[in-house]
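The structure appears right after this line, and notes come after that.
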Amino acid sequence: MKKTLTKNLGLKVLAVAFSILLWVIVMNNERPITSKTYVGVPVTLLHTELITNQGNTYQVAEEYKKVNVTVRARKDVLKEIKASDIKVTADVKKLNTETRALIPYEVMIPAYQGQFVEASTSEPNLVISIELATSKTFPIIPKSSGDPRDGYQIGSLEADPQQVKISGPESVVNSIAKVIAQVNTSGISRDEVKEADLVLYNAAGIVIDSTLVETNLGEEGLSVKVKVLHTKTVPVKFDESGIAPAVGYVLEGVSVQPENVDIVGTEQQLKTLTEIEIPAEVLAVDGLTKSVEKTVDITDYLPEWAKAKDESAGISVLVKISVTQIGTRTLEYPVGSISLLNAPKNYSVKYESEGSIEIVITAEDSESLDDFTLEQGSVSINLVDIKEAGTYTVPVQVTLPEGIELVQDVVVQITLEKNDGGNDG
């Protein structure tokens, strides 16, 4: 038996070795070495204290904070490796002393150590920018965006805290011109403390990347106290006692446009305000023989606490004082309702003034004037003698019933313009 086992021993050993070699060849063919690229693997920077302990700071551009890693290994191994298994580091200890900007990437796959052939990054080095660190304290300016609920208005904004210490690269910190606490006030209808975003601007009004610096805001972060005011529409009332028409004339009325204005205040303050009273001296006039218009800024007559909806524009109203001669009546007729007679073809007519014209009438029986109204088409202008473009003052023709007459002639200024492509009429 022993002789049988040891007979041709050399050939048997050779056969076993050949079998093993053949098995290795077959297995390699079954599980060949291949490669796979993992995209966007985050980079960890090591020993950054070597920079910061010297009073410096650093910046890493976004394109170097993640890197693509190519791993060469058997297919079955690559199927198991995930991007999260790959660790890419850049050690400040290995910073290139000549460039002071390049740190080589190092790749490790701890869970698969010894099971891969190679792991390499798409770029060999991380690029770092090192410069002197500095700190500055800036005031924080609160700013809101978004419209509050209808009937409400932003009263005041107060940042909390009101200033911030910003630390970082000297070039970045020195470029900061304005620090804003941006708060969204869309739909707000009551006083609130709202979280805000810190936004940094340079002198050109361009936003600075806030990730390049650090602040002392801590975990509490930044907030803005928003005070909300209400709006209320109230009528404007003028004291007419100072208006004195001339002898033979009578005050027909005072009209105000707009009749109501929007006032801003707290809810409690607005409850006390029912109208805005304008004193008599504002409209005081003696010997008035014709209607006059006057623009009045009523801001000075508001309660001390009250504000205009648009403070920059103030609150102005147009006041018209209408007087008529005794035994007459003044009628206002819209300019747009004046009938055009014999207007030349291919021309358009524009009135130099908008609004209304005044037509003063009289009658033997003054009581007949009380209910009189001008009918549509009874007021017109005749352009039969006007054939060319230009500006003209033309008489207004008023058709009146028997017993009613015009006190004075009425004229209106028009501009005749030739239409594009038109021919003279």
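Position 1 is the first residue of the sequence; numbering continues from there.
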(message) Quick one about S167 and S135 (side-chain donor to acceptor, distance below 3.5 Å, no hydrogens or angles considered), yes or no?
(response) yes
(request) Using a 4.5 Å cut-off on heavy atoms from C-beta on, say whether the side chain of V127 contacts that of V60. (result) no
(request) Might you point out which heavy atoms bring Y301 and D297 nearest each other, and give the distance in Å? (result) CE1-O, 3.9 Å
(request) Measure the shortest side-chain to side-chain distance between V250 and E252 over non-hydrogen atoms and say whether it is less than 4.5 angstrom. (result) no
(message) Looking at K320 and E332, is there a salt bridge between them, counting it only when a charged N and a carboxylate O are closer than 4.0 Å?
(response) yes
(message) Side chains of Q182 and S145, heavy atoms from C-beta outward: is any pair under 4.5 Å?
(response) yes
(request) May I ask you to decide if E267's main-chain N or O and K232's side chain share a donor-acceptor pair within less than 3.5 Å? (result) no
(request) Compare all side-chain heavy atoms of I361 with those of R329 and state whether any distance is below 4.5 angstrom. (result) yes
(request) For the residue pair N419 and N346, confirm or rule out a side-chain donor-acceptor distance under 3.5 Å. (result) no
(message) Tell me whether the count of non-hydrogen atoms from other residues, nucleotides or ligands lying under 6.0 Å of NZ in K237 goes above 12.
(response) no
(request) Please name the pair of heavy atoms, one in T134 and one in E170, separated by the smallest distance, quoted to 0.1 Å. (result) CG2-CA, 3.6 Å
(message) Taking the side chain as everything from C-beta on, heavy atoms only, tell me whether R72 gets closer than 4.5 Å to T34.
(response) no
(request) State plainly whether the residues D91 and K93 are in salt-bridge range, i.e. N to O under 4.0 Å. (result) no
(message) Quick check: do I103 and N125 have side-chain heavy atoms less than 4.5 Å from each other?
(response) no
(message) Just so I know, are the side chains of I208 and Y201 near enough to count as touching, which here means a heavy-atom distance under 4.5 Å?
(response) no
(message) Looking only at the side chains, is there a donor atom on one of T52 and E49 sitting less than 3.5 Å from an acceptor on the other?
(response) no
(message) Would you say that more than 12 heavy atoms from the other residues, nucleotides or ligands in this model lie under 6.0 Å from the CG of N53, or not?
(response) yes
(request) Give a yes or no answer on whether the side chain of Y38 reaches the backbone of I81 with a donor-acceptor pair at less than 3.5 Å. (result) yes
(message) Would you say T37 and T70 are linked by a side-chain donor-acceptor pair, where the criterion is simply a distance under 3.5 Å?
(response) yes
(request) Could you tell me which non-hydrogen atom of G40 sits nearest to which non-hydrogen atom of N68, and how far apart they are? (result) N-OD1, 3.0 Å
(request) Answer yes or no: does atom CD of E388 have more than 12 heavy-atom neighbours from other residues, nucleotides or ligands under 6.0 Å? (result) no
(request) Going by the side-chain contact (heavy atoms from CB on, under 4.5 Å) test, name the single residue among V335, V412, V410, V396 that passes it with V379. (result) V396
(request) Identify the heavy atoms of I166 and F138 that sit nearest to each other, and give their distance. (result) CD1-CD1, 3.8 Å
(message) Taking side-chain contact (heavy atoms from CB on, under 4.5 Å) as the criterion, tell me which of I276, L270, L302 meets it with V234.
(response) I276
(message) Checking side-chain contact (heavy atoms from CB on, under 4.5 Å) between L95 and each of L50, I130, L102, which is the one that passes?
(response) I130
(request) List the steps, then state whether side chain to side chain donor-acceptor pair (under 3.5 Å) holds for T266 with Q269. (result) CA-CA 5 Å; T266 66; Q269 288 170 337; 3.2 Å; yes
(request) Would you check if there is a donor-acceptor pair between the side chains of T415 and T391 at a distance under 3.5 Å? (result) yes
(message) Give me the atom names and distance for the closest heavy-atom approach of T57 to G168.
(response) CG2-C, 3.8 Å
(message) Check this for me: E220, atom CD, are more than 12 non-hydrogen atoms of other residues, nucleotides or ligands nearer than 6.0 Å?
(response) no
(message) Could you check whether any side-chain N or O of K87 sits under 3.5 Å from a backbone N or O of S84, counting only pairs where one atom can act as donor and the other as acceptor?
(response) yes
(message) As a quick check of understanding, evaluate side chain to side chain donor-acceptor pair (under 3.5 Å) for N260 and T233, giving each step before the final call.
(response) CA-CA 6 Å; N260 304 292; T233 302; over 6 Å; no
(message) Please check: side-chain N/O of N216 versus main-chain N/O of K165, any donor-acceptor pairing under 3.5 Å?
(response) yes
(message) My understanding is that only residues two or more places apart in sequence, or in another chain, count here; which of them pass side chain to side chain contact (heavy atoms under 4.5 Å, CB included) with E281?
(response) P279
(request) Could you tell me which non-hydrogen atom of Y152 sits nearest to which non-hydrogen atom of T231, and how far apart they are? (result) N-OG1, 4.1 Å
(request) Assess the side chains of K178 and N202: does a donor N or O sit below 3.5 Å from an acceptor N or O? (result) no
